[in-house]
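Each remark here refers to the structure printed beneath this line.
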2 protein chains.
Amino acid sequence: MPGENFRVYLAERPKAEIMAGTTLKTETVPLPKAEDLQDGQLLVENLYLSLDPAMRGWMNDTRSYVPPVAIGEPMRAATVSRVLASKSPKAKPGDILPTLAGWTEYAIIPDATIQPIDTYPPVTHPSDYLSVIGMTGLTAYFGMLRIGEPRAGDTVVVSGAAGATGSVAGQIAKLRGARVVGIAGSDDKCAWLTRELGFDAAINYKDPDFPRKFREATPDRIDVFFDNVGGEVLDLALGRAKEFARFVICGGISQYNSSNVQGPKNFLSVISMRIKMQGFIVLDYAKEFTAARKELAQWLDEGKIKRKETILKGGLQVAEQGLIDLYKGINTGKLMVEIKSPTAPSKL
Amino acid sequence: MPGENFRVYLAERPKAEIMAGTTLKTETVPLPKAEDLQDGQLLVENLYLSLDPAMRGWMNDTRSYVPPVAIGEPMRAATVSRVLASKSPKAKPGDILPTLAGWTEYAIIPDATIQPIDTYPPVTHPSDYLSVIGMTGLTAYFGMLRIGEPRAGDTVVVSGAAGATGSVAGQIAKLRGARVVGIAGSDDKCAWLTRELGFDAAINYKDPDFPRKFREATPDRIDVFFDNVGGEVLDLALGRAKEFARFVICGGISQYNSSNVQGPKNFLSVISMRIKMQGFIVLDYAKEFTAARKELAQWLDEGKIKRKETILKGGLQVAEQGLIDLYKGINTGKLMVEIKSPTAPSKL
């Protein structure tokens, strides 16, 4: 309805998988008003909502790098928003920029959650702010360059390689001169990795011959493993690690929905092969985001990194199912929801 | 017998635990002769034999940091030997020094396996060459200082803390000003750690209240975890890790004899807490051994590090049972076998 703001909140903490219609619930509330803005706040409308594997973790009431989403609170998300009204020097009405406005059509946000508009590189696709030059692109950037540190000629293996982070991580390793092997969940995704993104090899982990093909694709073993998946793929990679390999522990999507988490059985390889396994959170590099976004935007402009997005239409109504499908690998590249086309009229 | 050399060889690769009398077998062979020495060789008699958790791994026919011991070959070990005859400039008859002569009374060894005698600090107890200033002391030194990097005020937790490596690792962390918590397998060992070695706390992992006591002993969580044990203790430590904790993966004795290795279930904490888990092998630091031995010997002389050894008498005949008992935690400090008292007469 024109006078109402549609949003999605966390209703119940899932034990294992997210349960459609139970974990998250929808509600309509009055639209926020520009006259309610206080100093340092902005009124925004959301254009795109990012769906991320990390969302499952934010639903757990456990110690983590961010507090859990509270029951009844709108679900957290990275978003791209248009500013409708502003009492902040950081952005003015009409500006389109990345925000953390959550699963809502409209929101009043504090400007502590954004950077000044001129620190974001200009883009022709606003959705880039959620993908290559958004959090997933930055995650790939810092994880690969600061922890993986690939050198020319290194063998770099990326799991979840057709996803938002993995696809950029692999392309960055290629820019550093590495031989890059991707692991993904379908033959189509693998073909995209090798034909479009220039990966040297890609393997479908659902292939019955996956372990053998994995060995064959890593004849010189593995110098850098950029892991988004965990579980059996991580175990295989441990078994193929070269001495002094760097394992970038970025995600473990195979385990996020599990009530019986499987630790890496090949863990003792960490000793015998002197592996460094290091976890990280992209927010730790926040002071360097402006410079990194600039470099990523330049690579994108020059065609050195290719964008790929899976954009779900249908607004916030389809977001929960989209998130459930994310863990099934529905997406190639960055998965997001179009909450409102940048050209559609505003309710406000 | 006076004319015979007694030794122990690997007869069969164990599937899980070492089987007394089956995994290792004994044999007598003719004594080596000084007149058979070639250039670059030394004839030695072994005084002390080191028993190390790593020995179980050397019995496996898998890719590792050293080749497996071959079936029929004398079992590998660090030893302290007296030189009886030498065609090497590195040591002369009468010298006592650390060697890798294996489970044998006498051996002809290549001088590539030793350093020149003057690179070893002089000791009053030759057994120190297997403990504080031997491989286990060096393992503690490089693992703690290069990977753990404890700072004053850090909470450092050491598992296997009453063992040869753990006890030195904890003492080194104390020298760096850290608060040190040890985990060991008996109340007596825990009392030794706090009363004799100056650990700030020690917890018996066999205590039914171990998880609660572990939490209480780490009120500021864990900055450095020096792990010799793996398994459930590693999982507990992951659950208590502070952001950016360093996990020194030195050993996993709880898993060495297992045919069904348990990976760390709390592995995803590596991401949320940005943990660096790093494995290492002391041999990687070989170029720095001379300087490190000198520093360790000085700390020992000054009483800053205390030695503790469990020395089994009875010669090589008791070594296999000693090794089996090592995995049960028989020892406090360094476990070794006296093959021959330094003052007993030689067969040669």
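None of these values were measured; they are calculated from a predicted model. Chain naming here is simple, since letters A, B, ... match the order of the sequence lines and numbering starts at 1 in each.
Within 6.0 Å of CZ in B:Arg212 there are more than 12 heavy atoms belonging to other residues, nucleotides or ligands.
A:Ser269 contributes atom OG, which lies 12.5 Å from atom CD1 of B:Ile249 (distance to the nearest 0.5 angstrom). Here the CG atom belonging to B:Asp227 is positioned 7.5 Å from the CD1 atom belonging to A:Ile271, to the nearest 0.5 angstrom. For the atom pair CD of B:Gln255 and NZ of A:Lys265, the computed distance is 10.0 Å after rounding to the nearest 0.5 Å. To the nearest 0.5 Å, atom CD of residue B:Gln262 and atom CD of residue A:Gln262 are 7.0 Å apart.
Between chain B and the options A:Ala241, A:Gly230, A:Gly57, A:Gly252, heavy-atom pairs under 4.5 Å are most frequent for A:Ala241. Ranked by heavy-atom pairs shorter than 4.5 Å toward chain A, the options B:Ala54, B:Gly279, B:Gly239 are led by B:Gly279. Per-residue heavy-atom pair counts under 4.5 Å with chain A were compared for B:Thr62, B:Val66, B:Val261, and the maximum is reached by B:Val261.
The nearest pair of heavy atoms linking A:Ser272 to B:Ser64 is CB-OG, 3.5 Å. Taking each heavy atom of A:Arg63 and B:Arg240 in turn, the nearest pair found is NH2-C, 3.9 Å. Between B:Met273 and A:Tyr65 the shortest heavy-atom distance is CE-N, 4.4 Å.
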From CA spacing to verdict: side-chain contact (heavy atoms from CB on, under 4.5 Å), A:Arg246, B:Gln278: CA-CA 9 Å; A:Arg246 286 85 69 199; B:Gln278 192 163 346; over 6 Å; no

From CA spacing to verdict: side-chain contact (heavy atoms from CB on, under 4.5 Å), A:Met277, B:Phe267: CA-CA 11 Å; A:Met277 282 184 151; B:Phe267 184 71; 3.6 Å; yes

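Contact of B:Phe247 with chain A is not made at all, since no heavy-atom distance falls under 4.5 Å. Contacts of B:Asp284 with chain A are made by side-chain atoms alone, with heavy-atom separations under 4.5 Å and no backbone atom involved. For B:Ile147, no part lies under 4.5 angstrom from a heavy atom of chain A. The contact between B:Ile275 and chain A is made entirely by backbone atoms, counting heavy-atom distances below 4.5 Å.
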